[in-house]
Amino acid sequence: MSYNSLKNSVLLTLFLSIPQLLSPILTQIRIPFPILTLSQEELAREAIKQALKDLKKRHLLEEGAHAPAYIALSRPIISQGSEWKEKAENLEVELQQCYKAQSWLSEQLVVEVAESRALKASLQEKETTIAELEKELTQTRDECSQLKTDLEEKIRALELVMIEHQELKAQLEQVTIRAKNAEAENKMLVDRWMLQKMQDAERLNEANALYEDMIERLKASGLEKLAREQVDGIVRRSEEGAEFFVESTVPSVCKHRINAHEGGCASILFEYNSGKLISGGQDRSIKMWDTSTGSLIQNFSGCLGSVLDLAITHDNRFIIAASSSNNLFVWDVSSGRIRHTLTGHKDKVCAVDVSKVSSRHVVSAAYDRTIKVWDLQKGYCTNTIVFHSNCNALCFSTDGLTICSGHVDGNLRLWDIQTAKLLSEVAAHSLPITSLSLSRNGYVVLTSGRDNLHNLFDIRSLEVCGTFRATGNRVASNWSRSCISPDDNYIAAGSSDGSIYIWSITKADIVSTLKEHTSPVLSCTWSGLGKPLASADKNGIVCTWT
């Protein structure tokens, strides 16, 4: 501690003790009497001045008394001052170094705190990631356990399938052996059948020779017409579904007007050698009518779509309907129940026909660009013809080996039923063909088209035998059906104005125009007995004509 500091502390102590020192002095001061005449303030000032003078004197006396003590005390303090000054300077240097170290440590602390926070955030993220990974690991373990269980089940199922496969393989081998045996037996039966057909052909040749001989003898006696009827009956009564020849008459009078269906009737046909009429309509029903009375005989239900075409077997046992539900439905006429539902087409079935040789084979056409051949006895498809143009109408040839088809591109095509190969084709119409009708002798086919023409083609050469048209005749739809009369002398076709036009084939001219319908006529058909003619229109009205 320096001398000046010590001196200042002593003076401060003395200054603080002034009030205590003044109080006894003021009590001893005695002011002369004349002065009392002054004011109190002046008296106070004088008293203070006097007190200060006394204090100054006292201070000087005390300072003189304490001087040796000050000197004695100042000597060691002065000698130690340089050491203390050096120490103070060293301490100030150390203090500056401490401040620098503190500043550096503060900066390091800030950096460490920032790094600590970053590490803490990273740690939290990693802990979160670890928790998620643990959760995923748990889920994966569960999935692995489930997959392991599924694998065990699949292995058991595979073992079962392999056992079944071995059993089926054994059964297949047995069936293959049976098929080979059946094929050999079938070949033997075919050979026997061919031999029988040859014998039948020989007998038929003998019958034909007998027929020709009888014709010659009956011509000589002037009974040609009677001979034709009797001989035809003798020759064809031995065949299943045989037709009896009757000359057709040109109809002129509407005998019955029947409200047959709701929403339209697209197809009608007669039973063979019968006056019963079968009709199919948009109301999904097939009905059988007595044309002599116009009354309903039977109703066949179960069709799932609009009826677009009908066919009947030659023994009149089964009715087949082509439906817009992509299926064909086969009814047993005697029971009125569905015998088969033929499935396989992918679009609406618009045409159907039955072989004229065997009631077993059926052919159908649909808008999936396919023609299918069906085995009616077994109820499944035996062959499929695929072509780029949809088929609107088709029919079997008389020998049952060829299919005639009329297509949207206007061409008439012939197909081999066994190989499904195209035999020949001809451009019959400039617009889609809507109808095909085969003549009784099987040599001529009638085609009708949207170009409002009706053409006769020789099926053997595909040459045009005749073309029939009328000014007012307009084909109503892509499935408008025209027909040839049973004696191959007339053609009947409906028109969009509700009229029915009848042409004579020999005269190549219109012989009658029938008007009873008030809406487009969709279908015409002739009874095999020569009369009546039936027609159906877009309102579901069926008319019979005599």
query = So which heavy atom on Y501 is nearest to which on S495, and how close?
reply = CE1-CB, 3.7 Å
query = Any side-chain heavy-atom pair from L412 and L436 closer than 4.5 angstrom?
reply = yes
request  = Would you confirm whether T382, through its side chain, and V373, through its main-chain N or O, come within 3.5 Å as a donor-acceptor pair?
outcome  = yes
request  = Can you see which heavy atom on N473 is nearest to which on A493, and at what distance?
outcome  = ND2-O, 4.4 Å
query = Side chain of T313, backbone of F318: donor and acceptor closer than 3.5 Å?
reply = yes
task = Could you please spell out the steps behind the side-chain contact (heavy atoms from CB on, under 4.5 Å) verdict for I491 and L456?
result = CA-CA 10 Å; I491 294 173; L456 289 176; 4.2 Å; yes
query = Between the main-chain N or O of V408 and the side-chain N or O of N390, is there a donor-acceptor pair closer than 3.5 Å?
reply = no
ask   = What is the distance from atom NZ of K287 to atom CH2 of W289, rounded to the nearest 0.5 Å?
value = 5.0 Å
key: Over 12 non-hydrogen atoms of neighbours within 6.0 angstrom of OH in Y443   = no
ask   = Can you tell me if S499 and K515 form a side-chain donor-acceptor pair at under 3.5 Å?
value = no
task = Determine, stepwise, if the pair S477 / L522 fulfils side-chain contact (heavy atoms from CB on, under 4.5 Å).
result = CA-CA 7 Å; S477 74; L522 300 179; 4.0 Å; yes
message = Going by side chain to side chain contact (heavy atoms under 4.5 Å, CB included), T291 matches just one of S527, P532, S274. Which one?
response = P532
query = NE2 of H314 to OG of S358: how many Å apart, nearest 0.5 Å?
reply = 9.5 Å
Which atom pairs, donor and acceptor, lie under 3.5 Å between side-chain atoms of residues 153-182 and protein residues at least two apart or in another chain?
{"unit_1": "T176", "atom_1": "OG1", "unit_2": "L172", "atom_2": "O", "d": "2.6"}
{"unit_1": "N181", "atom_1": "ND2", "unit_2": "I177", "atom_2": "O", "d": "3.2"}

inquiry  = Rounded at 0.5 Å granularity, tell me how far CH2 in W479 sits from NZ in K348.
reply    = 3.5 Å
query = Can a donor-acceptor pair be found between the side chains of N392 and Y367 at a distance below 3.5 Å?
reply = yes
task = For I505 and N489, run side-chain contact (heavy atoms from CB on, under 4.5 Å): C-alpha distance rounded to whole Å, both residues' side-chain angles, the deciding distance at 0.1 Å, then the answer.
result = CA-CA 5 Å; I505 294 177; N489 287 331; 5.7 Å; no
Between T343 and N327, a side-chain donor and acceptor under 3.5 Å = no
key: Heavy-atom donor-acceptor pair, S523 side chain to A536 backbone, under 3.5 Å   = no
ask   = Between N539 and G264, is there a donor-acceptor pair closer than 3.5 Å when you use the side chain of the first and the backbone of the second?
value = no
request  = Look at K507 together with D509 and state whether they make a salt bridge at an N to O cut-off of under 4.0 Å.
outcome  = no
task = Answer whether the closest heavy-atom distance between the side chains of H261 and V307 falls below 4.5 Å.
result = no
message = Any donor-acceptor pair under 3.5 Å linking the side-chain atoms of R450 with those of N478?
response = yes
message = Using 0.5 Å steps for rounding, measure from the CD1 atom of I258 to the CD1 atom of I268.
response = 9.5 Å
query = Got a donor-acceptor contact below 3.5 angstrom from the H407 side chain to the S389 backbone?
reply = yes
ask   = Of all heavy-atom pairs between V542 and C265, which one has the smallest distance, and what is that distance?
value = CG2-SG, 4.2 Å
task = Report the C-alpha separation of S519 and D537 in whole Å, then their side-chain angles, then the decisive distance to 0.1 Å, and conclude whether the side chain to side chain donor-acceptor pair (under 3.5 Å) test is met.
result = CA-CA 6 Å; S519 61; D537 65 20; 3.3 Å; yes
inquiry  = My understanding is that only one of I502, T544, T546, T525 makes a side chain to side chain contact (heavy atoms under 4.5 Å, CB included) with L533; could you say which?
reply    = I502
request  = Locate the shortest heavy-atom distance separating S252 from L514; write the atom from each residue and the value.
outcome  = CA-CD2, 3.8 Å
message = What I'd like to find out is whether the side chain of F270 reaches to under 4.5 Å of the side chain of L529, using heavy atoms alone.
response = no
message = With heavy-atom distances below 4.5 Å as the criterion, would you say the side chains of I500 and H517 are in contact?
response = yes
inquiry  = Can you tell me how far apart CG (L446) and CG (D488) are? Round to the nearest 0.5 Å.
reply    = 10.5 Å
request  = Side-chain contact test, heavy atoms from C-beta onward, threshold under 4.5 Å: evaluate it for V363 versus I371 and give yes or no.
outcome  = yes
task = State, with a plain yes or no, whether a side-chain heavy atom of L328 is found less than 4.5 Å away from one of K372.
result = no
query = Any donor-acceptor pair under 3.5 Å linking the side chain of W503 with the backbone of R469?
reply = yes
message = When you measure from the side chain of S448 to the backbone of S435, do you find a donor-acceptor pair of N or O atoms at a distance under 3.5 Å?
response = no
ask   = Any side-chain heavy-atom pair from S359 and L376 closer than 4.5 angstrom?
value = no
task = Write down the atom of H454, the atom of S482, and the distance for their closest heavy-atom approach.
result = ND1-OG, 4.3 Å
ask   = Side-chain contact, heavy-atom cut-off 4.5 Å: D347 with N326?
value = yes
ask   = Taking the side chain from N316 and the backbone from E271, do they hold a donor-acceptor pair closer than 3.5 Å?
value = no
request  = Flag the pair R360 and D375 as a salt bridge only when some basic side-chain nitrogen lies within less than 4.0 angstrom of an acidic carboxylate oxygen.
outcome  = yes
Any donor-acceptor pair under 3.5 Å from D309 side chain to V352 backbone = yes
query = What distance do S301 atom OG and D283 atom CG have between them, rounded to the nearest 0.5 Å?
reply = 11.5 Å
request  = Go through L342 and H345 one step at a time and tell me if the side-chain contact (heavy atoms from CB on, under 4.5 Å) criterion holds.
outcome  = CA-CA 9 Å; L342 306 179; H345 284 294; over 6 Å; no
key: R257 atom CZ: more than 12 heavy-atom contacts under 6.0 Å   = yes
query = For the residue pair A351 and A322, what are the closest heavy atoms and their distance?
reply = N-CB, 4.1 Å
Salt-bridge present (D409, R413; N to O < 4.0 Å) = yes
